[in-house]
Amino acid sequence: MRRVLILLLVLLMLPACAAPAEVEDAPLQETPEEPAPAEASPEEVPVEEVPSEDHVLLTLEAPLADGRTLTLEAVGKRLDEYSVGVREVRVYDGDALIQTILSREVIEDFWGDSDGGIVSEYTQCWNAEDSMTAADMNFDGNTDLGLFAFSPNNTIPFYFWTWDPEAEQYRYAFTLQGPAVRPEAQEATAEYKSGSAGSQWITEVYKPDKNGDLYLVRVERDTCDFEPEPPSYLDFDRGWAHEIWLPPQEAEPIRPDEGHGILEEEFVLIYREVPVYEADETNPGSGEGTVSHFTEIWELKDGELKLTSREEYTHENHQ
């Protein structure tokens with residue numbers, strides 16, 4: 001239940017400031033190589049053209065490390081005027097149906113008894129094209145599958161199943177909000193708004209172990225709810241303060257669905273980059289005087305976060 005309450009709290013957050021610059025992760029597409037953060041759209045897209053009886057909503061290919069290519073069929077229907085839902089995913093190896101994955105099973109596992117014991121048979125999505133994705137989330141060469149879980153007021157959560165080559169089956173693995181991959185670093189990420197009125201942008205970074213299970217290795221946070229040391233001010237024109245937090249060494253490994261609690265209380269801040277400016281005004285409020293811009297780097301040294309560099313910023317030397 002703690003996991004559910006944390007997720008619901010996050011989903012209700014609304015943005016207060018402009019979003020920070022996005023990391024160049026690979027976009028979520030219908031291929032295994034390039035998934036990216038999926039963020040909620042404020043627009044409602046009518047789906048009256050989708051039949052109200054179960055049928056194949058979307059078909060994707062899923063290449064495996066052994067050279068085979070599976071076929072994934074998302075089967076569902078139009079739920080209402082603005083959404084469609086997937087009831088099951090059929091997995092084919094050639095013409096042979098080798099597995100049927102029911103959405104109800106993961107919905108029941110994820111939400112528990114939070115809906116009063118009524119478990120939906122269907123996921124919820126805006127359109128058939130976005131209802132399912134195929135991507136290698138744990139970098140083992142096998143294509144995993146994800147279902148657009150439900151429509152939140154934040155980034156999109158996806159239920160993910162990873163391929164088990166020994167069992168020749170997909171197994172439910174985790175739910176990631178705003179999922180993306182960083183192939184060069186072999187990292188999968190979850191991204192979402194948090195903080196007071198969406199004043200923070202959180203990126204959870206996961207790496208797979210030798211068994212292909214994802215574990216949290218760090219949390220990156222961009223925040224506009226931050227006050228630099230006087231007489232400096234946060235330079236919003238250049239972005240937000242960027243931080244990196246690590247789990248304490250003694251902490252138990254954290255999987256995607258487990259929730260990590262309160263960042264400031266349960267993690268260690270090891271890095272902070274802050275764009276700042278200082279105004280030297282002889283007549284405050286007049287707009288006269290000089291303004292100097294700096295980039296501050298703070299790092300964990302001897303158990304304390306210390307200022308390690310402070311470089312003057314100009315547009316000319318950062319082009």
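Both backbone and side-chain heavy atoms feed into the values below; hydrogens, waters and symmetry mates do not. Everything quoted here is computed from the prediction, not taken from an experiment.
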Any non-hydrogen side-chain atom of [X] less than 4.5 Å from a side-chain atom of [Y]?
| X | Y | answer |
| --- | --- | --- |
| Tyr159 | Val106 | yes |
| Phe294 | Asp235 | no |
| Trp245 | Glu220 | no |
| Phe267 | Val219 | yes |
| Leu145 | Tyr170 | yes |
| Leu214 | Lys207 | no |
| Leu269 | Glu243 | yes |
| Arg272 | Leu305 | yes |

Are [X] and [Y] linked, directly or through other ILVMFWY residues, by side chains that come within less than 4.5 angstrom of each other?
| X | Y | answer |
| --- | --- | --- |
| Leu72 | Val75 | no |
| Ile297 | Tyr313 | no |
| Tyr215 | Val268 | no |
| Leu263 | Leu300 | no |
| Leu58 | Tyr92 | no |

Side-chain H-bond candidate by donor/acceptor type, [X] with [Y], under 3.5 Å:
| X | Y | result |
| --- | --- | --- |
| Thr295 | Glu311 | no |
| Tyr122 | Gln124 | no |
| Thr69 | Glu61 | no |

So, taking the atom named [atom1] in [X] and the one named [atom2] in [Y], what distance separates them when rounded to the nearest 0.5 Å?
| X | Y | atom1 | atom2 | answer |
| --- | --- | --- | --- | --- |
| Thr133 | Ile156 | OG1 | CD1 | 12.5 Å |
| Glu73 | Glu88 | CD | CD | 9.5 Å |
| Phe150 | Ser83 | CZ | OG | 13.5 Å |

Nearest atoms (heavy-atom pairs only) where [X] meets [Y]:
| X | Y | result |
| --- | --- | --- |
| Ile107 | Thr123 | CD1-N, 4.1 Å |
| Ala74 | Ser131 | CB-OG, 4.4 Å |
| Gln186 | Pro208 | O-CD, 3.6 Å |

### Query
Do the ring planes of His293 and Tyr277 sit parallel (below 30°), tilted (30 to 60°) or perpendicular (above 60°)?
tilted

### Task
Assign the ring pair Phe160 / Phe174 to parallel, tilted or perpendicular, where the plane angle (0 to 90°) is split at 30° and 60°.
tilted

Got a salt bridge between [X] and [Y], using NZ or NE/NH1/NH2 to carboxylate O under 4.0 Å?
| X | Y | result |
| --- | --- | --- |
| Glu121 | Arg87 | no |
| Asp257 | Arg255 | no |
| Glu296 | Arg310 | yes |
| Glu187 | Arg218 | yes |
| Asp54 | Lys77 | no |

### Query
More than 12 non-hydrogen atoms from neighbouring residues, nucleotides or ligands closer than 6.0 Å to CD on Glu264, yes or no?
yes

### Query
Does the ring centre of Tyr192 sit less than 6.0 Å away from the ring centre of Trp201?
no

### Task
Starting from the C-alpha separation in whole Å, work towards a yes-or-no answer on side-chain hydrogen bond (donor to acceptor under 3.5 Å, both in side chains) for Ser232 and Glu278.
CA-CA 5 Å; Ser232 299; Glu278 293 181 357; 3.1 Å; yes

### Task
Just jot down the salt bridge (charged side-chain N to carboxylate O under 4.0 Å, His left out) partners of Asp95, sequence neighbours excluded, or say none.
none

### Query
Between Thr155 and Glu191, is a side-chain hydrogen bond (donor to acceptor under 3.5 Å, both in side chains) present by the stated rule, with each step listed?
CA-CA 7 Å; Thr155 54; Glu191 300 185 352; over 6 Å; no

